[in-house]
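This is a predicted model, so every value here is computed, not measured. In what follows, chains are A, B, ... by sequence order, proteins preceding strands, each numbered from 1.
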There are 2 protein chains.
Amino acid sequence: MSVINANTRFNSKLTSQCQNCSLSALCLPIALADEDVNRLDQIIERKRPLKKGELLFRQGQEFDSVFAVRTGTLKTFNITNTGEEQITGFYCPSELLGLSGIDNNTYPVSAKALETTTVCEIPFAHLEQLTAQIPSLKHQIFRLMSRKICDDQQMMVLLGKKNADEKVASFLMNLSHRFKKRGYSATSFRLSMSRSEIGNYLGLAVETVSRVMTRFQKNGLIDVDGKEITIVDLPEMEKLVGVVEECGKIEHA
Amino acid sequence: MSVINANTRFNSKLTSQCQNCSLSALCLPIALADEDVNRLDQIIERKRPLKKGELLFRQGQEFDSVFAVRTGTLKTFNITNTGEEQITGFYCPSELLGLSGIDNNTYPVSAKALETTTVCEIPFAHLEQLTAQIPSLKHQIFRLMSRKICDDQQMMVLLGKKNADEKVASFLMNLSHRFKKRGYSATSFRLSMSRSEIGNYLGLAVETVSRVMTRFQKNGLIDVDGKEITIVDLPEMEKLVGVVEECGKIEHA
DNA sequence: CGTCTTTTTGAGCGTTGTCAAAAGAGGTGG
DNA sequence: CCACCTCTTTTGACAACGCTCAAAAAGACG
C-alpha cells in the first residue's frame, strides 16, 4: 500500500484522450475549442491503474496535481490523532479530487482506491498556467471549487441535522444522482464502499447503517443484495432526504 | 430585514482603501505590487454598514460578488424544507464569504449580520477579469477556495466524529485561533453569536451547549460571563479538540 | 420598570453507540 | 473444487449521550 510514483505514466499514447473520453462532457462542461482541448490534453498524464487499497496520494504529501477519476472509485480520508480514519468523500468517474491541496501545497487528506481505479493526473502548475491562455478554463476551475464548497456544506447539514434514516437515504440518493448524471441507472447500482466506510462517512456506527438498510428493505424503499442496491420507492426516498439540496439538485449547464 | 441594494455604496471616497486597511495582510496575503493593489481597489465597493439581523445576500439570489468582512460578524445559513435554519459558517473580519455562489451563479446560502457589520464588496466578474492581469491574484483565489474546502472538511470531521464536549471545545479554539491571527487575544473574546446559533452550527441542542460551557467553567477550562469567553486552560482545551486540524493549524505564508 | 428573549437548570426519554455473537461473503491453498 | 480462514455484515441486548419538554433565572430593550 505505497503511494505510487507520480511520474509513472501508463501507456500514455494508447489510452484515450480528452476528445475521446466519454467523461469529457462532465469533466469539462465548457465549450473548449479543439485547440484548447489539445493543450489541456498535453498536460494530462494518464497513470497506471491503482489496485484496490492503493493510495493515490497521502495526507501531508506535497501537492502536485489534481486528479480526475476515469474508472473506479476512491475515498479521501483523514487520520485523526486517535489513529482512526475519518472519510471525507467518495469520488466516482468524472469527478475531480485533490483541490484541497492547493492551499498549503500539501494534501490535507489521503486518497485510496476502493477498487481497481484509473485516474487522469493534471499537474496543477501546468493547469494554472493554461488558465492564463484559456479564461473559460479558469472559470471552470472556480466553478468546480465553488461546487465542492456547496457540496461539502450540504454534507455539513447532513451530519449536523439529519437522523440515521435521513443520512442513509441522503447518501443513497446522492449516489443515485451522481450515477444518473454519468448516464448510469439512477435506481440500481453497486456500492463500492463497505458498510463500515459508509458509517464512517455519515457519522454512524456500522451496525446502524446495516439496520437502517435492512429496515428500508422491509419497508419497500430499497432492495439490498450485498453491495447491490436498487431504489424501489424513489419518491419516498426523496422525501426522506428532506432538506433542500440546493447544489446537488440543480443541473449545471 | 431586507437585502440591501448591492449598488448602495457607503461614503466610498472617505473609507479606507486596501493599502490602509489593517486587514490587507490577511485579506491579500500576497505581495501585490502597488499598482496591482490599486487596480483591486478600484473594483472594490465599500458598502454601508449592515445592522444586526440585516441580510447581505439571500439564498437563491443571483451571485454578483464575494465579500470581505471589515468589521463585525456574519453567519451563513440554509433554510431547510422544514423551515428551520442550518448555519453553515461564521465570518469574522478579514474573512471572505460568497465563494459558494460561483458555481450556479446563485448564492446557495443566506448571509446575515450578527451585529453591526461592514464589508467590502468585490464584484466577482471584475475580480475574475483582474486575475488575467495579475496571476498571483488568481493563485490567491484558488488558495482561498482550497482553504475553504479544507476548513469545511474539518467541520465535517467535527460533526461526524466528535462528542458535545469536543465540538464546543473545537468551536471555541477555532475562534481563538482566528482572533489570534487577526492580532486579538487568543484567550479572551466576545461571542457575537447566541448559544442557539452555536448549537445550530455544531449540531447540538442549545441546552447542551449551555451545559457543556457551564461544566467547562466548573472544571477550570474556561471562564464564561455571558458572551465573554476566557480560555483558562489552553493546553487542556487543545487536548479536547483532539483530531488533527490540518488546515486550521498551519500558519499560511 | 415591564416585557420579551436568551440562557440556564432539571427530569425523563429516545436514538444511536457499544459489546457480543452468529451468519455470510470472499479469498487462499491443498 | 472444496475446506478453511478471515473479514464483513447482520442481529440482538443494553447502556449512554444528547434531545425534548418545562420552568426558572438572567439579560436586553423600549
Item checked: Whole angstrom value for the distance that separates P of D/dT10 from CG of A/D225 -> 10 Å

Next item on the list: In plain terms, say whether B/K148 and A/D152 are close enough for a salt bridge, that is, a side-chain N and a carboxylate O under 4.0 Å apart.
Entry: no

Notebook entry, point to check: Which part of the nucleic acid, if any, lies within reach of B/S194 when heavy atoms closer than 4.0 Å are counted: base, sugar-phosphate only, or nothing?
Noted result: sugar-phosphate

Check: Rounded to the nearest 0.5 Å, how far apart are OG1 of A/T76 and OH of A/Y201?
Finding: 8.0 Å

Next item on the list: Could you tell me the separation between the NZ atom of B/K167 and the P atom of D/dC17, rounded to a whole number of Å?
Entry: 14 Å

Check: Under 3.5 Å, is there a donor-acceptor pair between the side chain of B/T117 and the main chain of B/T73?
Finding: yes

Check: Between which nucleotides of DNA chain C, read 5' to 3', does contact with chain B run, using atoms under 4.0 Å from its heavy atoms?
Finding: C/dT7 to C/dA11

Checklist line | Rounded distance (Å) that lies between atom P of D/dG27 and atom CG of B/L191 | finding: 15 Å

Notebook entry, point to check: Which parts of nucleotides 18-24 of chain D does protein reach within less than 4.0 Å, heavy atoms only, written one letter per nucleotide 5' to 3' as B for base, S for sugar-phosphate only and - for none?
Noted result: SSBB---

Note to self: My validator wants the stems of DNA chain C: runs of 3 or more consecutive Watson-Crick or G-U pairs, both distances under 3.5 Å, written as range with range.
What the structure shows: C:1-30 with D:1-30

Check: Hey, does the side chain of A/Q217 reach the backbone of A/V224 with a donor-acceptor pair shorter than 3.5 angstrom?
Finding: yes

Check: So does B/R190 pair up with B/E115, basic N to acidic O under 4.0 Å?
Finding: no

Check: What is the distance from CD of A/Q217 to C1' of D/dT9, rounded to the nearest Å?
Finding: 13 Å

Margin query: Between A/F57 and A/F67, is the ring-ring contact (aromatic ring centres under 6.0 Å, His included) condition met? List the steps.
Written below: CA-CA 10 Å; A/F57 51 79; A/F67 299 88; 5.7 Å; yes

Item checked: B/E54 bridged to B/R48 by N-O distance under 4.0 Å -> yes

Notebook entry, point to check: side chain to side chain contact (heavy atoms under 4.5 Å, CB included) with B/K167: which of B/L204, B/V212, B/L240, B/V209?
Noted result: B/L204

Check: Is the closest basic N to carboxylate O distance between B/E84 and A/K161 below 4.0 Å?
Finding: no

Notebook entry, point to check: Are A/K75 and A/E85 close enough for a salt bridge, meaning some N to O gap below 4.0 Å?
Noted result: yes

Checklist line | Atom-pair distance (CD1 on A/I229; C1' on D/dT9), nearest Å | finding: 12 Å

Next item on the list: Over all heavy atoms of both residues, which pair between A/C150 and B/P108 is shortest? Give the atoms and the distance, please.
Entry: SG-CG, 3.7 Å

